[in-house]
Amino acid sequence: MKFGDVPIADAEGALLAHSHRLGPGRTLKKGHLLTEADCRALAATGLERVLAARVEELDVGEDEAARRIAEAAAGPNLTVGRATTGRANLFASARGLFVASRADIDDTNAIDESITIATVPPFAPVGAGAMVATVKVIPFAVPDSLVSRACTRVRATHPLLAVAPFAARRVGLVLTTLPGVNDSQLARAAQNQRVRVAQLGSEISRELRVDHATASVARAVRALVEEGMDIVLVLGASAIVDRKDVVPSAIEAIGGVVDHLGMPVDPGNLLLLGHKASIPIVGVPGCARSLKPSGFDWVLERLAAGLPVGRADIMRLGAGGLLEEVRTRPAGPAVGESAPSPRVAGIVLAAGTSRRMDGPNKLLARVGGEPIVARVVDAVLGAGADPMIVVLGHQAEEVRAALAGRGVRFVENPAYREGLGASLRAGVAALDEDVDAALVALGDMPWLRAEHVRKVVEAFDPTGPHTICVPVHDSKRGHPVLWSARHFAEMRELGGDVGARGLLERHARAVLAIPTDDAAVLVDVDTPEMLAQTRASFEASRSGER
């Protein structure tokens with residue numbers, strides 16, 4: 001490819017290096033193939049010379065080059081998007097773990113400065129449709145020989161890039177108990193494992209509770225192995241501190257093998273990895289009693305995706321393995337001072353057309369003497385949301401009237417017919433710059449109360465690894481969802497009728513699931529039948545209270 005400053009008279013057939021404005025409403029874009037008419041128009045603006053590139057006979061244009069390299073790199077469960085401006089993006093076609101070798105990607109990027117591959121981190125969980133990699137060719141064209149060399153290098157490690165899909169797996173769980181461990185603690189720990197496993201498309205098929213003793217644990221693990229579980233988890237009442245401790249001794253007692261004790265990830269240091277035949281057995285670290293991310297999640301994700309996990313894999317996790325500040329080290333505010341509470345805004349989406357209601361606006365329907373949208377706004381306000389933003393669209397004035405007297409900031413979404421994404425985009429765009437997070441609530445959830453919302457707010461730690469907090473009931477995600485300000489830029493680009501579902505998939509590791517025993521976080525009203533049922537249930541509950 002030839003690149004340089006050329007006379008306008010000689011520029012026909014060349015690619016414009018930089019955009020040029022010809023006049024009101026007309027601009028020749030960077031990369032535009034100049035025609036004779038274009039050259040005349042450029043000359044008319046007073047230009048005599050222009051920076052341009054001319055593709056030679058043995059060159060490949062940027063789009064074709066990017067497409068060829070991306071297609072060579074794409075392994076199982078990846079698709080290649082249409083190449084444009086020298087870029088070809090790769091997308092996951094299944095939910096799972098992104099698989100790639102850092103060394104192989106580095107080697108590919110070292111071939112020549114004109115060819116680049118960028119990816120999400122290896123072993124990051126990704127949702128179907130998520131962009132996981134991009135191939136970018138820097139100049140307008142590159143030699144065909146260079147593209148061929150890059151494709152050959154990429155294919156030598158095929159697949160260079162892939163997604164290992166999460167599959168439904170039967171997981172057995174052993175919980176051990178010691179004096180002082182009550183049933184509620186065990187139930188909470190077990191529920192968190194159900195949520196964790198369900199998020200990976202699997203289920204806890206059987207749960208056993210036994211004494212924290214080698215013989216008892218051995219019997220339980222043997223039973224789960226013999227029942228054909230795909231994965232066995234053992235969560236002890238006391239941490240595993242030695243290879244002769246209860247859990248590793250139990251694995252060896254049934255003829256199993258302890259592969260590795262400990263991992264360079266904090267929290268999660270005290271994880272144990274073993275197996276019996278082909279069934280992995282994981283001694284779960286105590287930190288996994290909660291749903292905060294730990295090294296255990298990294299191991300469980302790989303097992304759920306059918307990827308092997310061995311001693312060497314565990315020992316390579318140290319770089320990036322510090323997931324939260326060690327509690328014995330003072331950080332942030334000076335010792336003795338408390339960190340300021342994060343400022344959490346509320347966004348209630350109240351712009352929809354209620355198309356399944358056959359006419360009435362469900363948000364204005366009264367339940368318990370109040371419009372449904374007012375009940376939702378009161379719940380979010382009751383949790384301390386500041387500011388409180390309500391996104392309007394359909395019947396905006398009627399919704400305003402239903403919320404009269406409340407400390408609410410209204411934002412109108414003229415594109416409300418496009419769906420949730422457009423309304424969420426409008427709500428986030430109206431947030432103050434000093435907001436740390438935003439609670440996003442649907443306006444049609446009549447059972448929502450301030451205590452449900454408050455639980456989500458209290459789970460948010462602006463300094464921690466979780467930037468999204470989601471209430472979960474019966475392994476199903478609900479609302480409201482709390483989003484850290486780190487996600488606002490992405491949310492301002494949303495569209496369509498799926499809201500932020502794609503972002504939840506894209507940032508799966510950043511999601512903190514908050515178990516709740518109340519289905520209120522799941523229940524909305526979409527049809528006349530559901531409204532009638534909700535009113536009847538609400539009246540019945542009030543009668544019971546009386």
Side-chain angles (χ1 to χ4, degrees), residues 1 3 15 30-31 53 55-167 298 301-302 304-310 312-313 316-317 319-320 502 505-506 508-509:
M1 183 184 74
F3 185 95
L15 299 169
K30 167 188 171 183
V55 178
E56 299 184 289
E57 183 179 353
L58 298 181
D59 287 341
V60 176
E62 57 179 344
D63 290 347
E64 182 186 349
R67 176 191 60 78
R68 283 170 53 183
I69 297 168
E71 289 179 350
N77 302 302
L78 288 178
T79 60
V80 179
R82 184 176 67 87
T84 181
T85 64
R87 183 183 303 281
N89 298 325
L90 293 91
F91 300 88
S93 58
R95 184 168 178 267
L97 283 189
F98 175 68
V99 182
S101 161
R102 291 182 186 273
D104 289 335
I105 293 170
D106 289 345
D107 286 348
T108 303
N109 282 321
I111 291 173
D112 191 89
E113 65 181 22
S114 61
I115 294 172
T116 68
I117 298 182
T119 76
V120 299
F123 300 106
V126 296
M131 190 175 86
V132 300
T134 185
V135 175
K136 172 64 177 173
V137 174
I138 304 300
F140 291 122
V142 290
D144 180 79
S145 59
L146 181 59
V147 177
S148 297
R149 182 151 59 96
C151 290
T152 298
R153 172 64 187 85
V154 165
R155 291 193 184 100
T157 54
H158 191 77
L160 179 69
L161 312 174
V163 169
F166 293 133
W298 292 8
E301 287 166 355
R302 295 195 192 192
L307 298 175
V309 185
D313 300 300
R316 283 195 289 263
L317 296 176
E505 296 290 350
R506 187 183 309 167
R509 273 211 180 120

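Sequence positions, counted from 1, serve as the residue numbers for this chain.
The CZ atom of Phe123 lies 9.5 Å from the CZ atom of Arg102; values are rounded to the nearest 0.5 Å. Here the straight-line distance linking atom CZ of Arg153 with atom CD1 of Ile111 works out to 6.5 Å at 0.5 Å rounding.
The side-chain contact (heavy atoms from CB on, under 4.5 Å) check on Arg68 picks up Val60, Glu64, Asp144, Val147, Ser148, Cys151, with sequence neighbours excluded. Legend: residues meeting side-chain contact (heavy atoms from CB on, under 4.5 Å) with Ile138, ordered by chain and number and at least two apart, are Thr116, Lys136. Evaluation of the side-chain contact (heavy atoms from CB on, under 4.5 Å) rule for Ala508 yields Pro125 as partners, not counting sequence neighbours. Scored by the side-chain contact (heavy atoms from CB on, under 4.5 Å) test, Ala305 finds Leu97, Ala164, Phe166, Leu307 as partners (sequence neighbours excluded).
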* To do: Please step through side-chain contact (heavy atoms from CB on, under 4.5 Å) for the pair Arg509 and Glu301, ending with a clear verdict.
  => CA-CA 10 Å; Arg509 273 211 180 120; Glu301 287 166 355; 2.7 Å; yes
* To do: Step by step, work out the side-chain contact (heavy atoms from CB on, under 4.5 Å) result for Glu62 and Val142.
  => CA-CA 7 Å; Glu62 57 179 344; Val142 290; over 6 Å; no
* Asked: Could you walk me through whether Glu505 and Val126 pass the side-chain contact (heavy atoms from CB on, under 4.5 Å) check?
  -> CA-CA 6 Å; Glu505 296 290 350; Val126 296; over 6 Å; no
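Taking the side chain as every heavy atom from C-beta outward, Pro165 and Arg95 never approach each other to under 4.5 Å. Annotation: side chain of Leu317 is in contact with side chain of Trp298 (closest heavy-atom distance under 4.5 Å).
Between Ala124 and Val120, the shortest heavy-atom distance links the atoms CB-CG2, 4.4 Å. Across all non-hydrogen atoms, the minimal contact from Ala66 to Val137 is N-CG2, 3.7 Å. Nearest heavy atom pair, residue Ala73 against residue Val154, reads CA-CG1, 3.2 Å.
Comment: Arg149 does not engage Asp112 in a salt bridge, judged by the lack of any side-chain N to carboxylate O separation of less than 4.0 angstrom.
Residue pairs satisfying the side-chain hydrogen bond (donor to acceptor under 3.5 Å, both in side chains) criterion with at least one member in residues 156-166, sequence neighbours excluded, are absent.
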Distance-only donor-acceptor hits, side chain of residues 75-87, under 3.5 Å, sequence neighbours excluded:
residue, atom, partner, partner atom, Å
Asn77, ND2, Val163, O, 2.8
Arg87, NH1, Thr134, OG1, 3.1

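Test Asn89, Thr119, Ile69, Leu161 against Val135 for side-chain contact (heavy atoms from CB on, under 4.5 Å) and you get one pass: Ile69.
With Asp59 contributing its side chain and Ala141 its backbone, the two residues share no donor-acceptor pair below 3.5 Å. Side-chain atoms of Asn109 never come within 3.5 Å of backbone atoms of Asp106 as a donor-acceptor pair (strictly under, hydrogens ignored).
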